[in-house]
**Q** 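One structure coming up, written as structure tokens, with questions to follow.
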Amino acid sequence: MSNGDCCAPTPDDHVDKAATPALAADGPLVEILYFDGCPNHTPAIALVERISRELRIDPELRLVNVPDQQAAQRLRFLGSPTIRVGGVDVDPDTAERDDYALSCRIFRTEAGVSGQPDERWVREALVREAGLSG
């Protein structure tokens, strides 16, 4: 997958759709940050939904559209898709990163390079925020 074509912004990206209303829930806040045209944000939603069902957690799911580079900087957006649980990126290797940009996100997982975060990271973040044991 090349960064040049995987998630190129579309002409509609100038429309400010900064955040969608959260779906009513009593679980942890899960934000999925993306930009229009990214092929990886829909699978990221499905990943969060599937793991949430498996854990029997009802997260407050919020989709956050990042329309431009200024928003990417303001939102500390490391690329599309970005999944945050309780305000913390699920990727454990992001603490020192500051390469905020309207771009594709590539994850270095145990399985190799992917357009999705490691399932284990999402699961651990949901368990932590929901206060579940192990």
Side-chain angles (χ1 to χ4, degrees):
M1 171 184 336
S2 79
N3 271 352
D5 61 6
C6 90
C7 301
T10 62
D12 293 344
D13 285 342
H14 68 279
V15 178
D16 187 10
K17 301 177 213 166
T20 58
L23 303 176
D26 57 4
L29 173 62
V30 177
E31 297 167 295
I32 299 177
L33 292 80
Y34 69 99
F35 58 78
D36 289 334
C38 176
N40 293 317
H41 93 273
T42 300
I45 295 167
L47 176 66
V48 168
E49 289 175 339
R50 179 177 57 79
I51 294 172
S52 296
R53 279 192 309 274
E54 290 172 5
L55 294 172
R56 297 189 172 137
I57 294 172
D58 188 19
E60 179 183 338
L61 185 59
R62 183 171 298 153
L63 304 179
V64 180
N65 182 279
V66 181
D68 55 37
Q69 182 61 34
Q70 292 78 19
Q73 291 290 325
R74 185 178 71 252
L75 295 169
R76 303 172 61 88
F77 182 60
L78 292 170
S80 185
T82 289
I83 300 174
R84 294 180 184 153
V85 178
V88 178
D89 198 300
V90 297
D91 182 342
D93 296 324
T94 60
E96 300 299 318
R97 288 186 56 188
D98 63 0
D99 51 325
Y100 311 123
L102 196 64
S103 65
C104 292
R105 180 126 181 220
I106 303 299
F107 298 90
R108 287 173 177 74
T109 70
E110 289 180 7
V113 176
S114 175
Q116 295 294 314
D118 191 299
E119 180 176 320
R120 181 175 47 91
W121 301 341
V122 176
R123 183 177 304 279
E124 289 172 357
L126 285 168
V127 165
R128 180 185 64 244
E129 277 302 301
L132 302 176
S133 59

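Because only heavy atoms are used, hydrogens play no part in the values below, and waters and symmetry mates are left out as well, while side chains stay in. Index from 1, following the sequence.
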**Q** Can you list everything that forms a side-chain hydrogen bond (donor to acceptor under 3.5 Å, both in side chains) with Asp89? Sequence neighbours excluded, please.
**A**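 Once residues adjacent in sequence are excluded, the partners of Asp89 under the side-chain hydrogen bond (donor to acceptor under 3.5 Å, both in side chains) criterion are Arg105.
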**Q** What distance do His41 atom NE2 and Gln116 atom CD have between them, rounded to the nearest 0.5 Å?
**A** 10.5 Å
**Q** Heavy-atom distance under 4.5 Å between the side chains of Ser80 and Asn40, does that happen here?
**A**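 No, every pair of side-chain atoms sits at 4.5 Å or beyond.
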**Q** Does Ile83 reach the side chain of Trp121, with side-chain heavy atoms less than 4.5 Å apart?
**A** no
**Q** Specify the closest pair of heavy atoms between Pro59 and Val30, including all atoms of both residues, with the distance to one decimal.
**A**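 Looks like CB-CG2, 3.7 Å.
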**Q** Just say parallel, tilted or perpendicular for the rings of Phe77 and Phe35, cut-offs at 30° and 60°.
**A** perpendicular
**Q** Taking only residues two or more places apart in sequence, or in another chain, which ones meet Asp99 in a side-chain hydrogen bond (donor to acceptor under 3.5 Å, both in side chains)?
**A**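 Asp99 satisfies side-chain hydrogen bond (donor to acceptor under 3.5 Å, both in side chains) with Arg97 only.
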**Q** Kindly state each residue pair satisfying salt bridge (charged side-chain N to carboxylate O under 4.0 Å, His left out) with at least one member in residues 107-116, sequence neighbours excluded.
**A** Glu110-Arg120
**Q** What distance separates Thr109 OG1 from Asp91 CG, expressed to the nearest 0.5 Å?
**A** 9.5 Å
**Q** Ignoring hydrogens, what is the shortest heavy-atom contact between Ile57 and Pro28? Give both atom names and the distance.
**A** CG2-CD, 3.5 Å
**Q** Testing the basics here: between Glu49 and Leu61, what is the closest heavy-atom pair and its distance to 0.1 Å?
**A**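 Looking at all heavy atoms of both residues, the closest pair is OE2-CD2, 4.0 Å.
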**Q** Closest approach of Glu31 and Gly87, non-hydrogen atoms and distance?
**A** OE1-CA, 4.2 Å
**Q** Picking from Leu78, Leu63, Leu75, what satisfies side chain to side chain contact (heavy atoms under 4.5 Å, CB included) with Leu33?
**A**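 Per the side chain to side chain contact (heavy atoms under 4.5 Å, CB included) rule, the option paired with Leu33 is Leu75, out of Leu78, Leu63, Leu75.
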**Q** Between Val48 and Ser52, what is the shortest heavy-atom contact and its length?
**A** O-OG, 2.7 Å
**Q** According to side-chain contact (heavy atoms from CB on, under 4.5 Å), who are the partners of Ala101, at least two apart in sequence or on a separate chain?
**A** Gln69, Ser103
**Q** Using salt bridge (charged side-chain N to carboxylate O under 4.0 Å, His left out) as the criterion, list what pairs up with Arg50, not counting sequence neighbours.
**A**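 Applying salt bridge (charged side-chain N to carboxylate O under 4.0 Å, His left out) to Arg50 gives Glu54, Glu119.
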**Q** Under a 4.5 Å side-chain heavy-atom rule over Ile, Leu, Val, Met, Phe, Trp and Tyr, are Ile45 and Val90 clustered together?
**A**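 In one cluster: yes.
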**Q** Transitively linked via ILVMFWY side-chain contacts under 4.5 Å: Val64 with Tyr100?
**A**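 As far as the 4.5 Å side-chain criterion goes, Tyr100 and Val64 are not connected within one cluster.
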**Q** Report the distance from atom CG of Leu102 to atom CG of Asp68, rounding to the nearest 0.5 Å.
**A** 7.5 Å
**Q** Only counting residues at least two apart or in another chain, list the ones meeting salt bridge (charged side-chain N to carboxylate O under 4.0 Å, His left out) with Arg76.
**A**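 Once residues adjacent in sequence are excluded, Arg76 has no partner under the salt bridge (charged side-chain N to carboxylate O under 4.0 Å, His left out) criterion.
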